[in-house]
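Throughout, residue positions are numbered sequentially from 1 according to the sequence presented. We count ligands from 1, going down the list as the structure has it; atoms in each ligand are counted the same way.
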Amino acid sequence: MAATATRTHFRVAIVGAGFSGLCMSIRLLEEGIRDFVVVERADEVGGTWRDNTYPGCQCDIPSALYSFSFAPNPNWSRFYPLQEEIREYLRECAQRFGVMPYIRFGHEVNEAEWDEDRHRWRLQTSGGEITADVLVGGMGGLSNPSVPTIEGLDQFEGTLFHSSHWDWDHDLAGDRVGVIGTGASAVQFIPMVQPQVGHMTVFQRTPSWVMPDPDRPVTELERTLWRRLPITQRLLRSVLYGFFEATVVTTIVNKRLSSLLERVARRHLEEQVPDPVLRAKLTPKYTLGCKRITLSNTYYPAMSAPNVEVITESIERVTPGGVLTADGVEHELDTIILGTGFKVHDNPAFSRVRGRDGKTLREAWGGSPRAYLGTTISGFPNLFLLVGPNSAGGFNSIIFTTESHVNYAIAALRTMAKRGARVAEVRRSVYDRWARETDRRLANSVWNEGGCQSWYLDANGRNGVWWPGFMAGLWLRTRRFNPAEYELRPA
Ligand code: NAP
């Protein structure tokens, strides 16, 4: 029963056709549930890996781990997957598992409201209204670019774009380019752009910790082995999982241990940046891990190139011809590239989802998103967020969380069907207790106490991003759906 354009009611509606939405769709089909629809605002699958096309875009989790457990890919060209390859992998999975007929492309959800009388979600989309018994949010945290509120930005007369919407029609050759931001995205695109441009001015507020990049091409021998003996790739996946799981020791258990990794990063900086003035500018003053650790062998050489200037003075405002910094210097520019990240805690989707008592997620959360096990929310019946608040795993693969949450949603659907329940809503006491437990377990983590300001902390200073422990714990707790933790209401 594919989602033909005429149908308007479904058992399940999934928002987004990125990793999460596709995973949920595949598992529903496996479960024999065909009464579902995927609403996707773009005209292609892929989510953040479709949108972020900036030069050098690559995942910092190895390819053997950054893929669905049920769809290993022996064809990766590199140890760490490139953006185009991940996008292609997702396209292939959508085709191979028969998800495409269920997706309505070009459908943006403008509002999703719980209808308490009819026990269903009512979605107003750009392509019309649809209703569903269960709503699954696969919107992703890194889907809406954050454009900084810098005075004059809208009056800049040159070319301006964000890293997640790269302007490929604009030729950067010979340009005077300004880059605002030095996070994970900028660390990847700066080395690719620097050789093309006339001059590059990098406006750095906080330096990133940069580790040596172990990436390399996958050899033909490895690919053949993975094809002929798939267990070898699965073994590699398990080893990598174990390695990343172990890093929880440095983030949550004892953040002082991250000084061991800091030593490696400092040596990398010393080897690659001989100029002591520049080196001082590029040396972070917070504990490694507090912000995303980046991997690059080309970032420091690019930042040291003669056509690059690193400005640490704060930005006063943007002028029609460039950027004025606090020291009164105007930096003349033809192009500004914003590497300023994403709206994570203030995701516009949070204002569009309205629960049982008429409040939006944003209003219910008061600036601090939270969810039971990262997926269900009191006051929002029959809603499952995939990779919701506090469910990303330290340095581990986010796909692990996606699959755990999908298992949980499927288990909930099974329980509801078995018990003849129409509505499942997490009990307030369970929801509140989980938030308290999460806060307590993260209180001394490197993200909370590492001495930095990052997007992991919301406006109230709460860490709403990371799972508070080992990922095996998330897997264990989401393997089964415990009906005692929910109010189940019949039809
Ligand atoms: P980000 O990590 O949030 O970095 C944003 C950068 O912009 C920071 O350097 C920030 O400075 C700066 N900034 C923001 N507003 C500013 C302002 N008003 N004035 C000056 N500077 C400003 O964003 P991102 O680099 O796009 O990365 C986001 C996330 O995407 C990462 O954490 C990671 O999870 C993911 N990502 C992963 C990969 C990968 O797998 N390799 C690659 C790219 C992105 P402050 O630090 O001072 O706030």
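- Residue Leu142 places no N or O, backbone or side chain, under 3.5 Å from any N or O of ligand 1.
- Looking only at protein heavy atoms, the nearest one to atom 37 (C) of ligand 1 is Ala184 CB, 4.2 Å.
- Distances below 4.0 Å separate heavy atoms of Gly181 from the following atoms of ligand 1: 6 (C), 7 (O), 9 (O), 12 (C).
- In terms of polar-atom proximity, defined here as any N/O pair under 3.5 Å, Ser163 makes no such contact with ligand 1.
- The closest protein non-hydrogen atom to atom 18 (N) of ligand 1 is Pro148 CB, 3.3 Å.
- Aromatic ring centres of Phe243 and Phe395 lie farther apart than the 6.0 Å criterion allows.
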> Step by step, would you call Tyr89 with Trp49 a ring-ring contact (aromatic ring centres under 6.0 Å, His included)?
Replying inline: CA-CA 10 Å; Tyr89 170 77; Trp49 295 107; over 10 Å; no

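- Looking at Gly339, Gly341, Ala392, it is Gly339 that brings a heavy atom closest to atom 7 (O) of ligand 1.
- Nearest to atom 8 (C) of ligand 1 by heavy atom, out of Thr182, Leu295, Ile180, is Thr182.
- At a cut-off of 3.5 Å, with distance as the only test, no side-chain donor of Asn390 or Thr438 sits close to an acceptor on the other residue.
- Heavy-atom distances between Tyr54 and ligand 1 reach below 4.0 Å in at least one pair.
- Comment: Arg176 does not engage Glu309 in a salt bridge, judged by the lack of any side-chain N to carboxylate O separation of less than 4.0 angstrom.
- The line from CD of Glu403 to OG of Ser397 is 8.5 Å long, rounded to the nearest 0.5 Å.
- In summary, the aromatic rings of Phe70 and Phe97 are positioned with their centroids under 6.0 Å apart.
- Looking at Ile61 against ligand 1, nothing comes within 4.0 Å, counting heavy atoms.
- What sits closest to atom 32 (O) of ligand 1 on the protein, heavy atoms only, is Trp455 NE1, 3.1 Å.
- At the top of the distance list for atom 33 (C) of ligand 1, counting protein heavy atoms only, stands Arg292 CD, 3.8 Å.
- The aromatic rings of His268 and Tyr300 sit tilted, their planes meeting at an angle between 30° and 60°.
- In terms of protein heavy atoms, atom 26 (O) of ligand 1 is closest to Ser185 OG, 2.7 Å.
- Contacts with ligand 1 closer than 4.0 Å are made by side-chain heavy atoms of Lys291 only, the backbone lying farther away.
- For atom 47 (O) of ligand 1, the closest non-hydrogen atom of the protein is Thr206 OG1, 2.4 Å.
- Judged purely by distance below 3.5 Å, without hydrogens or angles, the side chains of Thr53 and Trp168 pair a donor atom with an acceptor atom.
- Taking the centre of each ring, Phe19 and Tyr66 come in below the 6.0 Å mark.
- With His170 as the fixed residue, the side chain to side chain contact (heavy atoms under 4.5 Å, CB included) test singles out one of Asp334, Ile337, Thr335: Thr335.
- Within the 6.0 Å centre-distance limit, the rings of Trp466 and Tyr456 are counted as a close aromatic pair.
- For Phe342, every heavy-atom contact with ligand 1 shorter than 4.0 Å involves the side chain, none the backbone.
- For atom 4 (O) of ligand 1, the closest heavy atom belonging to the protein is Gly183 CA, 3.6 Å.
- Which of Gln58, Gln204, Arg205, Gln188 comes nearest to atom 19 (N) of ligand 1 through a heavy atom is settled by distance: it is Arg205.
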